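Worksheet: the structure to be examined is printed underneath.
Start at 1 and go down the list; that is how both ligands and their atoms are numbered. On a predicted model such as this, the values are computed, not experimentally measured, just so you know.
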Amino acid sequence: MTNDTVAIYPGSFDPITNGHVDLVKRTLRVFDKVIVAIATNPDKDHSLFSVEERLRMIDEVFASLQGRVQADSFHGLLVEYAERKNSKVIIRGLRAVSDFEYEFQMAMMNRRLKPQLETLFMMTGESEFYTSSRLVKEVVSLGGNVSGLVPDNVLRKLQEKFKR
Ligand code: PNS
């Protein structure tokens with residue numbers, strides 16, 4: 001039996017960016033552990049990186065944090081996954097106001113499905129608030145430089161994927 005507080009940070013993480021990393025580190029100021037949980041849906045998967053590649057990149061990024069961050073993947077409803085992990089909290093990041101409507105809808109639906117589970121929103125760090133996995137992929141695919149916006153291991157993987 002452990003009294004550790006565990007927060008679930010769900011997402012696609014295709015790939016993890018420095019915005020995500022900042023959010024995980026700030027979450028660790030409040031919770032003992034964070035599970036970075038990749039939602040998988042084989043029927044609707046247009047991801048650049050496989051789940052295994054994404055898990056490995058996340059593990060590498062947080063390797064120095066003494067097991068306080070765990071990378072995992074799940075299929076199905078997030079609220080059920082959180083229950084299986086004995087977590088009462090979902091963390092989501094908010095960048096601009098444009099994120100709000102989508103996040104609000106998801107939080108309300110999750111609350112309806114599992115009222116005892118809370119969604120906590122954290123503001124993304126100011127230097128990362130314009131970063132998104134989608135934009136990072138687009139910029140690299142067109143030959144642009146995203147160093148500083150993603151961890152170094154992710155940068156290398158992105159460059160390999162789009163090597164011409
Ligand atoms: O990084 P993303 O793509 O914005 O993350 C969205 C995610 C993975 C949090 C959301 O799609 C999700 O929770 N998927 C799991 C399936 C589920 O529970 N869907 C109902 C959400 S209200």
Item to check | Whether Y9 and F13 hold their rings parallel, tilted or perpendicular, with breakpoints at 30° and 60° | outcome: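 The rings of Y9 and F13 stand perpendicular, inter-plane angle above 60°.
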
Report the residues that fulfil salt bridge (charged side-chain N to carboxylate O under 4.0 Å, His left out) with [X], sequence neighbours left out, ordered by chain and then residue number.
{"X": "E60", "answer": "none"}
{"X": "D72", "answer": "K85"}
{"X": "D59", "answer": "none"}

Checklist entry - Do L117 and I90 come close enough that some side-chain heavy atom pair is under 4.5 Å? => result yes

Output, or 'none' if empty, a list of ligand 1-protein atom pairs in which both atoms are N or O and the distance is under 3.5 Å, rounded to 0.1 Å.
{"from": "ligand 1", "atom 1": "1 (O)", "to": "S12", "atom 2": "N", "distance (Å)": "3.1"}
{"from": "ligand 1", "atom 1": "3 (O)", "to": "S12", "atom 2": "OG", "distance (Å)": "2.6"}
{"from": "ligand 1", "atom 1": "4 (O)", "to": "R92", "atom 2": "NH2", "distance (Å)": "3.0"}
{"from": "ligand 1", "atom 1": "4 (O)", "to": "Y102", "atom 2": "OH", "distance (Å)": "3.1"}
{"from": "ligand 1", "atom 1": "5 (O)", "to": "R92", "atom 2": "NH1", "distance (Å)": "3.3"}
{"from": "ligand 1", "atom 1": "18 (O)", "to": "L78", "atom 2": "N", "distance (Å)": "2.8"}

Checklist entry - Under 6.0 Å from the CD atom of Q116, do we count more than 12 heavy atoms belonging to anything else shown? => result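 Yes - once you tally the heavy atoms of other residues, nucleotides and ligands closer than 6.0 Å, there are more than 12.
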
